[in-house]
2 protein chains.
Amino acid sequence: MQDGASELHDDERLARLIRLSARGFNRALSLRLQQHDVTFGQWIFLRILWVEDGLSQRELSQRANVTEPTTHTALKKLELQGLIRRENPDDNRRRQHTYLTEQGKALRAVLEPLAIEANEVAAEGLSATEREDFRRYLLILIRNLERDEAEASKKGLKVPPKRGWTGDV
Amino acid sequence: MQDGASELHDDERLARLIRLSARGFNRALSLRLQQHDVTFGQWIFLRILWVEDGLSQRELSQRANVTEPTTHTALKKLELQGLIRRENPDDNRRRQHTYLTEQGKALRAVLEPLAIEANEVAAEGLSATEREDFRRYLLILIRNLERDEAEASKKGLKVPPKRGWTGDV
DNA sequence: CGCCTTATCTTCGATATCTAAGTATTGGCA
DNA sequence: TGCCAATACTTAGATATCGAAGATAAGGCG
């Protein structure tokens, strides 16, 4: 177990560093968005709609990678704030298409630069090549973990909620 | 804004990839831990105590990088499960030192290999050099974001909660 | 046409986290 | 010694997320 323990230490660093990075990004972005009364969650849906307006709640959930109750809550709030409106298409009273209001569209010019800034701050000091490598490593990691989860799922293991622990590892 | 938008797209990838990686790790680890009725949160405190037994709640909070109410809840549950016990030192009725029970200590041999496995799965396909670079990039990122947050804090901006949005960006 | 399955959104209850406020203990200093 | 500030833990209330179950609507098929 001695070897195992020291190996753990080395490997653990990766998980820990990634978690800290993710949290740092969240905070950097939230910090900027909150100055315009927009939360992280709202921003994510706005960002999707800026590119692709008129999506249903389900489509938004898939693109945002969250469950539908989560989307539901976020959209209700956005609607209340007058940033989106929702309406049924003529031929379907089930689906609810979500459209940005003028106010919601206008926010783009304000918020996008903030996201750019946060990302630029984070990557400061990394060369273009390094950034590219960085992305490549992250993609490998994500693919590995997806495969792992798929295999577990195949074995009948229930996958735990994605809602994450955000503390330090 | 056209340039801004495309620039956003490129930069955003980094935040998004990091977030996905963090979530993947959470899930991979939770998946393994839950087979032993241990949650992610519990594991984090166990892990700290395996290395350094007898810490106070505050010290544990700092090491785990979460707030004290969070630690409080987690410790209460661990105590209830018989994995830790808490007691006041003789000279101080305020502080509560946390000690692993035998059962808590024994769990180490079971759980540590699982964490090693999750980390190994994640880094599969990366050479030793690449892993080193990866860590270096992450450290730069974390440092950059910490600096950013410190600067914001100096300007009197309230820092948003660290509890993160875990969805896709 | 009517029923059963599927699709879509909504509601409910649970969990983990946070901030802020509350309680109790300790320590320093007039 | 007595009081006030700092320390340590606890409680309360808010938020964001999830899974599961509920409610309606649509579509397909005997």
Side-chain angles (χ1 to χ4, degrees), chain A residues 19 22-23 26-27 29-31 33-34 37-45 55-62 64-80 84 86-98 153 158-169, chain B residues 19 22-23 26-27 29-31 33-34 37-45 55-62 64-80 86-98 158-169:
Chain A
R19 207 175 310 285
R23 197 180 63 183
N26 279 352
R27 291 172 74 82
L29 200 45
S30 300
L31 186 63
L33 295 174
Q34 77 179 349
D37 277 318
V38 174
T39 67
F40 203 128
Q42 294 173 325
W43 178 75
I44 283 171
F45 291 105
L55 295 169
S56 73
Q57 176 176 305
R58 175 154 301 173
E59 289 167 328
L60 282 168
S61 302
Q62 286 161 349
N65 228 307
V66 295
T67 60
E68 294 189 46
T70 301
T71 305
H72 184 66
T73 312
L75 293 184
K76 265 203 310 199
K77 208 161 43 169
L78 282 170
E79 192 168 33
L80 212 70
I84 62 165
R86 289 188 287 175
E87 59 186 48
N88 301 111
D90 293 343
D91 60 337
N92 193 319
R93 274 184 301 158
R94 222 171 14 177
R95 294 173 64 104
Q96 273 194 342
H97 291 186
T98 300
S153 174
K158 217 187 80 190
V159 177
K162 36 177 92 160
R163 158 188 25 128
W165 166 277
T166 53
D168 191 355
V169 188
Chain B
R19 206 175 311 285
R23 196 179 66 184
N26 279 352
R27 291 171 76 84
L29 200 44
S30 300
L31 186 63
L33 295 174
Q34 76 178 352
D37 277 319
V38 174
T39 66
F40 204 127
Q42 294 172 326
W43 178 75
I44 282 171
F45 291 105
L55 294 169
S56 72
Q57 176 177 303
R58 177 154 301 174
E59 289 167 329
L60 282 168
S61 303
Q62 287 160 349
N65 228 309
V66 295
T67 61
E68 294 190 47
T70 302
T71 306
H72 183 66
T73 311
L75 293 185
K76 266 203 310 197
K77 207 159 44 167
L78 281 171
E79 191 168 33
L80 212 71
R86 288 187 288 174
E87 61 187 43
N88 300 112
D90 293 343
D91 60 336
N92 193 319
R93 274 184 301 158
R94 225 172 9 176
R95 292 173 65 103
Q96 273 193 342
H97 291 186
T98 301
K158 219 187 76 190
V159 177
K162 37 177 87 160
R163 157 187 27 128
W165 166 276
T166 54
D168 191 353
V169 189

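Chain identifiers are assigned alphabetically (A, B, ...) following the order of the sequence lines, protein sequences preceding nucleic acid strands; residue numbering begins at 1 within each chain.
The side chain of Val66(B) has dC18(C) as its nearest neighbour among dG19(D), dC18(C), dT8(C). Of all nucleotides listed (dT10(C), dA16(C), dA16(D)), dT10(C) comes nearest to the side chain of Gln57(A). If you check dT11(D), dA8(D), dA16(D) against the side chain of Pro69(B), the one that comes closest is dT11(D).
Rounded to whole Å, atom P of dT8(C) lies 9 Å from atom CD of Gln62(A). Nucleotide dT10(C) holds its P atom 8 Å from the NZ atom of Lys76(A), rounded to whole Å. Look at NE2 on His72(A): it is 12 Å from C1' on dA23(D), rounded to the nearest Å. Going from atom CG of Asn92(A) over to atom P of dA7(C) covers 13 Å, rounded to whole Å. To the nearest angstrom, C1' of dA16(D) lies 17 Å from CH2 of Trp43(A). Rounded to whole Å, atom C1' of dA8(D) lies 14 Å from atom CG of Asp91(B). Taking atom CD of residue Gln34(B) and atom P of nucleotide dA14(C), one finds them 19 Å apart after rounding to whole Å. Rounded to a whole Å, the CG atom of Leu78(A) is 11 Å from the P atom of dA16(D).
Separating the NE2 atom in His72(A) from the CD atom in Gln96(A) is a distance of 8.0 Å, to the nearest 0.5 Å. Taken from CD in Gln34(B) to CD in Gln42(B), the straight-line distance is 12.0 Å, to the nearest 0.5 Å. For the atom pair Leu80(B) CG and Lys77(B) NZ, the distance stands at 10.0 Å (nearest 0.5 Å).
Contact detail for Phe45(B) and Leu60(B): the closest heavy-atom pair is CE2-O, 3.9 Å. Heavy-atom minimum distance, Leu75(A) versus Arg86(A): CB-NH1, 4.0 Å.
Residue contacts for Gln96(A): at a heavy-atom cut-off of 4.0 Å it reaches the sugar-phosphate backbone alone, with no base atom in range. At the heavy-atom level, Arg58(A) lies under 4.0 Å from base atoms of the strands shown. No contact: Thr71(A) has no heavy atom under 4.0 Å from any strand.
Between Arg86(B) and dT10(D) there is a side-chain polar atom (N or O) within less than 4.0 angstrom of OP1 or OP2. At dA16(D), one or more side-chain N or O atoms of Lys77(A) fall inside 4.0 Å of OP1 or OP2 (strictly under the cut-off). Contact check, Thr70(B) against dC18(C): a side-chain N or O comes under 4.0 Å of OP1 or OP2.
Side-chain N/O atoms of Arg94(A) and base N/O atoms of dA26(D) include no donor-acceptor pair closer than 3.5 Å.
Nearer to the 5' terminus of DNA chain D, by closest-nucleotide assignment, is the contact made by Glu68(A) (compared with the other of Glu68(A) and Arg93(A)).
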